[in-house]
There are 2 protein chains.
Amino acid sequence: MPKKNIPKLAIRRLCIYKRMLSRLLEKEQETISSKELGKLTSIPDYQVRKDISFIGEIGVARKGYNIKKLNDHIINSLGLIEVWNTAIVGVGQLGTALLNYPRLKEMGYNILCAFDIDPKKIGKKTGGITIFPSDRITPTVRKNQIKIGIICVPPGAAQTVCDALAKGGIRGILNFAPIALNIPAHIVKREIDFTVELEFISAVLNLMKKKRS
Amino acid sequence: MPKKNIPKLAIRRLCIYKRMLSRLLEKEQETISSKELGKLTSIPDYQVRKDISFIGEIGVARKGYNIKKLNDHIINSLGLIEVWNTAIVGVGQLGTALLNYPRLKEMGYNILCAFDIDPKKIGKKTGGITIFPSDRITPTVRKNQIKIGIICVPPGAAQTVCDALAKGGIRGILNFAPIALNIPAHIVKREIDFTVELEFISAVLNLMKKKRS
DNA sequence: TTTATATTGTGATTTTTTTCACATTTAAAG
DNA sequence: CTTTAAATGTGAAAAAAATCACAATATAAA
Ligand SMILES: NC(=O)c1ccc[n+]([C@@H]2O[C@H](COP(=O)([O-])OP(=O)(O)OC[C@H]3O[C@@H](n4cnc5c(N)ncnc54)[C@H](O)[C@@H]3O)[C@@H](O)[C@H]2O)c1
Ligand SMILES: NC(=O)c1ccc[n+]([C@@H]2O[C@H](COP(=O)([O-])OP(=O)(O)OC[C@H]3O[C@@H](n4cnc5c(N)ncnc54)[C@H](O)[C@@H]3O)[C@@H](O)[C@H]2O)c1
């Protein structure tokens, strides 16, 4: 049980440390210092230490952190042991890639079903998952206790399917459609827009150039 | 020319406003207030105003912002008119989805070529783009003045292809492999890991639950 | 056992970001 | 022309986050 409120940004970084730690588990190395872990994740050592301190004292002076112990501790503190029933809405280019992405299941996101509006896709299987019609989202989510929904439909349809997921009792939504979703506050939302990230890169490059000149 | 340094987070939000504005361009509405724009992007109105203020005074008291003018102004201020030569490395599930994603070109990311290590893929075309062998990354990037690289290879290969891109003179990198890349500071990097986003959702849901109990 | 020192954990400080509140502006109505 | 009020732009305050610096600690070497 974490001492106090963990900052949102610290949570994300803890997930990134864990990602690195789970890779290190396969190596013989037993412990790692905040400096080393920082090097591997492009995060300063004091930030690594401070982030870890939010979930308790786990390091050993002069030695660093035990890799397995720290990995487990992050998993426990953030509750990442849990397996989440997950659904994907929209089985196009991106949805198909996700349905074939084994890492999702490995990380505890168990995809139970997929939805699409296209009659040619409904009833078929992709990545071993059956595709249901999108007007069945609400009852199916409710019946299967689906907790997390991943939206991969065109932007024009995203709010509609989001509402259907919400009505079914979804708890978290990962949205890939390039549009901000309106969503009740009790649902945790995360939006990823590749083109916004690319534009961010462009903007930073441009502003770097301008400053130099 | 922006007055002072624009905060990184403000840049991202400006891109999100622009995304919404370009949708609104197709409607008849001419102006929009910070309040309305905030509603549409899930961002508070004062934040919208402050962000826009970083790129100058463009609003009209009592009316709000002219949609077309604000859209153009964001594009100009952040330098988003530019077309960027782009390459994709790794033409698997995700790389293929991206090569077939028309929005990239629409937004000014002109994919000139793709790279893969798989002999069965090299020489073929995907989404109209020819796939080159990955040992040709450095010279091809240099010759074609490719400025942005998108990495979609397995994590074990990501640092290698990243180094090859850097050697070719790349300026920005968007990385989808679940690993932090080591990269010289002059290259602008952005890393997207879907599973980290999902874990973030899980963690927030868990910590919400814990706090309630 | 003592010493030297690498490394943690954290309180204090600094920086950044968000939030607030309101004076100023200006379109529209009277 | 004057009044009204909606909306901006921003300086100031508050909150959050990052950074620093160092005392405390524990290991490994002497
Ligand atoms: N392709 C990419 O690489 C990529 C990258 C980033 C973001 N995106 C975004 O992800 C979303 C999907 O992109 P895509 O390339 O896979 O598009 P796509 O056109 O290949 O697939 C969209 C799928 O959604 C289905 N769909 C449409 N309306 C629906 C509804 N109401 N209910 C259920 N399903 C519905 C369609 O039948 C189709 O199968 C889009 O919003 C896109 O902007 C795509
Ligand atoms: N599939 C998804 O939905 C998804 C989602 C998020 C992140 N990712 C990440 O994106 C990356 C690609 O995922 P994927 O599912 O497309 O994998 P994939 O196995 O389908 O494709 C990987 C491609 O990279 C190529 N490759 C391997 N080594 C290479 C090298 N040295 N140079 C050039 N090409 C090389 C392979 O030949 C293959 O074509 C992975 O790091 C994965 O973790 C994938």
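Quick note: numbers below take in every heavy atom, side chains included, and nothing from hydrogens, waters or symmetry partners. Throughout, a chain's letter reflects where its sequence line sits, starting with A, and its residues are numbered from 1.
Whole-Å rounding puts the A/Glu30 CD to C/dT7 P distance at 16 Å. For the pair A/Glu57 CD and C/dG11 C1', the interatomic distance rounds to 14 Å; values are reported in whole Å. As rounded to whole Å, 13 Å separates atom P of C/dG9 from atom CG of A/Asp45. If you take CG of A/Leu70 and C1' of C/dT7, they are 14 Å apart, rounded to a whole angstrom. Atom CD of A/Glu36 and atom C1' of C/dT7 are 11 Å apart (whole Å). Rounded to an integer number of Å, the gap from A/Lys35 NZ to C/dT5 C1' is 13 Å. Between the OH atom of B/Tyr17 and the C1' atom of D/dT8 there is a distance of 14 Å, rounded to whole Å. Atom CD1 in B/Ile32 sits roughly 18 Å away from atom P in D/dA6 (whole-Å rounding).
Of the candidates A/Ile88, A/Asn175, A/Ile179, A/Asn175 is the only one forming a side chain to side chain contact (heavy atoms under 4.5 Å, CB included) with A/Ile151.
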_Base contacts versus sugar-phosphate-only contacts with protein, heavy atoms under 4.0 Å: please encode nucleotides 12-22 of chain C as B, S and - from 5' to 3'._
B----SSBSB-

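For the segment residues 197-204 of chain B, no residue has any heavy atom less than 4.0 angstrom from an atom of DNA chain D.
A donor-acceptor contact shorter than 3.5 Å is absent between the side chain of B/Asn71 and the backbone of B/Ile67. The backbone N or O of B/Arg19 sits less than 3.5 Å from a side-chain atom of B/Ser22, completing a donor-acceptor pair. For B/His73 (side chain) and B/Ile58 (main-chain N/O), no donor-acceptor pair under 3.5 Å exists by modelled atom type. Listed for the A/Asn206 side chain is a donor-acceptor partner under 3.5 Å among the backbone atoms of B/Gly79.
A/Arg190 forms a cation-pi arrangement with B/Phe200, by the criterion of a distance under 6.0 Å to the ring centre and an angle within 45° of the ring axis.
Between B/Ser33 and the phosphate of D/dA7, there is no side-chain N or O to OP1/OP2 separation shorter than 4.0 Å. Contact between the side-chain N/O atoms of A/Ser34 and the OP1/OP2 oxygens of C/dT7 is not found at any separation under 4.0 Å.
The minimum heavy-atom distance between A/Val48 and A/Leu37, with the atom names listed, is CG1-CD2, 4.0 Å.
At a threshold of 4.0 Å, the pair B/Glu30-B/Lys68 does not count as salt-bridged, since none of the basic side-chain nitrogens sits closer than that to a carboxylate oxygen. Here B/Lys147 does not pair with B/Glu82 in a salt bridge; the nearest charged N to carboxylate O distance is not below 4.0 Å. One finds a salt bridge joining B/Arg12 and A/Glu197 here, because a Lys/Arg side-chain nitrogen approaches an Asp/Glu carboxylate oxygen to under 4.0 Å.
Between the side chains of B/Tyr101 and A/Thr195, no donor N or O sits under 3.5 Å from an acceptor N or O.
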Using a cutoff of under 3.5 Å, can you pull out all pairs of nitrogen or oxygen atoms linking the protein to nucleotides 24-28 of chain D, with atom names and distances?
residue, atom, partner, partner atom, Å
D/dT27, O2, A/Arg62, NH1, 2.4

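Within the 4.0 angstrom heavy-atom criterion, only backbone atoms of the sugar-phosphate kind lie near B/Ile58; the bases stay farther away.
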